[in-house]
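Numbers here simply count residues along the sequence, with the first being 1.
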Amino acid sequence: MMDAAAAEREALRIVRDSGSSFFWGMRLVSAPRRRGMYALYAFSRAVDDVADGDGPVKERLAGLDAWREEIEALYAGCPQTLIGKALQGPVEEFDLPKAEFLALIEGMASDLATPVCAPSWQDLAQYCRRVAGSIGVLTLRILGFPATADDRLAIALGEALQLTNILRDLAEDARRGRLYLPAEILAEAGIGSSLPDAVLRDPKLALACGRVAKHAEADFAEARSEIQRRGSRSLLAPRIMLAFYARLLVKLSNQGWRPHEPVRLSAPEKLWLVCRELLRR
């Protein structure tokens with residue numbers, strides 16, 4: 001009991017300390033589902049921190065291997081970490097598939113073996129499925145929907161959120177030697193380089209970003225349609241995340257795709273969007 005309580009407190013601390021928009025949506029679901037979502041976020045945050053850490057690549061890959069072992073231990077009923085213990089109840093209660101946790105780790109590992117620079121659309125879609133679609137499938141399970149590996153809401157919303165993150169974090173990713181804008185988009189925009197710094201300096205960058213944004217907008221539209229089809233009242237948390245990120249995409253576009261000028265949603269903007277979604281119930 002003490003371990004379970006400590007694990008829940010640790011997951012909540014990670015969510016609060018992150019300052020993530022995720023916290024806003026999760027406050028509005030029932031306590032058991034909220035605990036599941038906090039544990040899921042804590043896990044994804046921990047894996048992401050390993051992948052994006054400052055240590056040697058070999059050490060970070062070993063860190064991801066340790067999380068693979070922890071997921072195996074979790075499903076064997078003997079997790080060793082506080083985050084693993086926080087996940088134990090939700091895994092059992094909501095029948096969370098192990099494959100989705102492993103997919104997330106695999107997606108993070110793919111960032112480390114070779115820095116991603118101008119992947120194909122197909123490779124980028126696979127990456128989005130692993131690092132964001134996996135969270136989508138697990139989230140829907142926690143919220144009470146029998147999501148599967150090919151769930152359209154999970155995949156469309158996950159890709160939309162990830163593409164928005166990519167457009168927001170161009171400069172940060174470039175500092176790590178990464179560029180997630182697809183090769184096809186760069187070619188269509190007339191950008192001849194795939195080197196992150198060169199692409200960010202290219203005057204045609206805004207054109208490339210705008211085309212990626214169109215794909216994100218299409219994903220948002222599909223996600224909205226899926227939410228409406230399933231009954232939007234039960235999906236308030238995903239609706240809020242969708243509203244936040246769709247608004248962020250608009251702000252990035254209005255700013256003119258200037259990667260070295262950070263764009264964020266203010267607290268009043270977030271509060272307004274939450275109230276808007278609540279009123280739509």
Side-chain angles (χ1 to χ4, degrees), residues 7 10-11 13-15 17-18 20 22 26 35-117 119 122-142 147-151 154-155 157-163 165-166 169 172-173 176-178 180 241:
E10 175 66 4
R13 181 195 66 76
I14 291 170
V15 175
D17 288 354
S18 73
S20 171
F22 181 93
M26 292 308 101
R35 287 193 292 270
M37 291 304 305
Y38 287 169
L40 175 58
Y41 181 87
F43 168 75
S44 64
R45 181 77 268 161
V47 173
D48 187 63
D49 286 347
V50 170
D52 284 342
D54 295 325
V57 169
K58 185 176 180 180
E59 289 181 8
R60 286 182 278 162
L61 287 171
L64 293 177
D65 284 339
W67 276 112
R68 287 190 185 92
E69 292 172 5
E70 176 66 350
I71 292 301
E72 295 296 341
L74 167 63
Y75 279 84
C78 52
Q80 301 299 303
T81 67
L82 281 177
I83 291 174
K85 291 173 183 177
L87 281 168
Q88 193 166 18
V91 162
E92 296 172 359
E93 183 174 0
F94 304 115
D95 192 25
L96 302 182
K98 178 171 69 172
E100 297 300 336
F101 289 102
L102 296 177
L104 174 60
I105 296 171
E106 185 62 30
M108 297 295 181
S110 70
D111 268 345
L112 293 177
T114 303
V116 177
C117 282
Q122 182 178 357
D123 287 344
L124 181 60
Q126 182 183 56
Y127 173 75
C128 290
R129 172 59 184 87
R130 287 172 171 171
V131 302
S134 59
I135 300 298
V137 170
L138 293 167
T139 294
L140 290 178
R141 287 285 187 100
I142 291 171
T148 60
D150 61 352
D151 188 281
I155 294 171
L157 184 54
E159 184 171 279
L161 301 186
Q162 193 63 30
L163 291 177
N165 279 336
I166 285 169
D169 297 336
E172 181 181 339
D173 289 334
R176 295 188 171 102
R178 301 173 186 166
Y180 294 96
M241 291 302 295

### CD-CG distance between E106 and L64, expressed to the nearest 0.5 angstrom
9.5 Å

## Note on the structure
Sorted by chain and number, sequence neighbours left out, ring pair (Phe, Tyr, Trp, His ring centres under 6.0 Å) with F43 holds for W67, F101

### Task
Check K85 against P79 and note the closest heavy-atom contact, atom names and distance.
CE-O, 3.5 Å

### side-chain hydrogen bond (donor to acceptor under 3.5 Å, both in side chains), paired with Y180, selected from D123, D169, D111
D111

### Query
Of all heavy-atom pairs between A39 and A86, which one has the smallest distance, and what is that distance?
CB-O, 3.5 Å

#### Entry: Side-chain donor/acceptor of R178 to backbone N/O of P115, under 3.5 Å
no

### Task
Output yes when a side-chain donor or acceptor of Q162 lies under 3.5 Å from a complementary backbone atom of V131, and no otherwise.
no

### Query
Looking only at heavy atoms, which two atoms of A132 and G158 are closest? And how far apart?
CB-O, 3.2 Å

### Task
To the nearest 0.5 Å, tell me how far R60 CZ sits from M108 CE.
12.5 Å

### Query
Are any side-chain N or O atoms of E10 and backbone N or O atoms of I83, one a donor and one an acceptor, separated by less than 3.5 Å?
no

### Task
Indicate yes or no: at least one non-hydrogen side-chain atom of L124 is less than 4.5 angstrom from one of I166.
yes

### Message
Applying the side chain to side chain contact (heavy atoms under 4.5 Å, CB included) criterion to S134, which one of I155, L104, L102, I105 satisfies it?
### Response
L104

### Task
Kindly compute the distance separating CD1 (I142) from CG (L40), expressed to the nearest 0.5 Å.
5.0 Å

### Query
Do you know the tightest heavy-atom contact between Y127 and G107?
CE1-O, 3.6 Å

### Summary
Rounded to the nearest 0.5 Å, the CZ atom of R35 sits from the CE atom of M37 at a distance of 14.0 Å

### Message
Which residues pass the side chain to side chain contact (heavy atoms under 4.5 Å, CB included) test with D65, not counting sequence neighbours?
### Response
R68

### Summary
Smallest heavy-atom separation, S110 atom then V116 atom, equals O-CG2, 4.3 Å

#### Entry: Nearest-0.5 Å distance that lies between atom NZ in K98 and atom CD1 in I71
9.5 Å

### Query
Can you check salt bridge (Lys or Arg N to Asp or Glu O under 4.0 Å) on E100 and R129, steps first, answer last?
CA-CA 10 Å; E100 297 300 336; R129 172 59 184 87; 3.0 Å; yes

### Task
Starting at CG of D54, measure out to CZ of R176 and round the result to the nearest 0.5 Å.
7.5 Å

### Query
Looking at L96 and P90, what are the two nearest heavy atoms and their distance?
CG-O, 3.7 Å

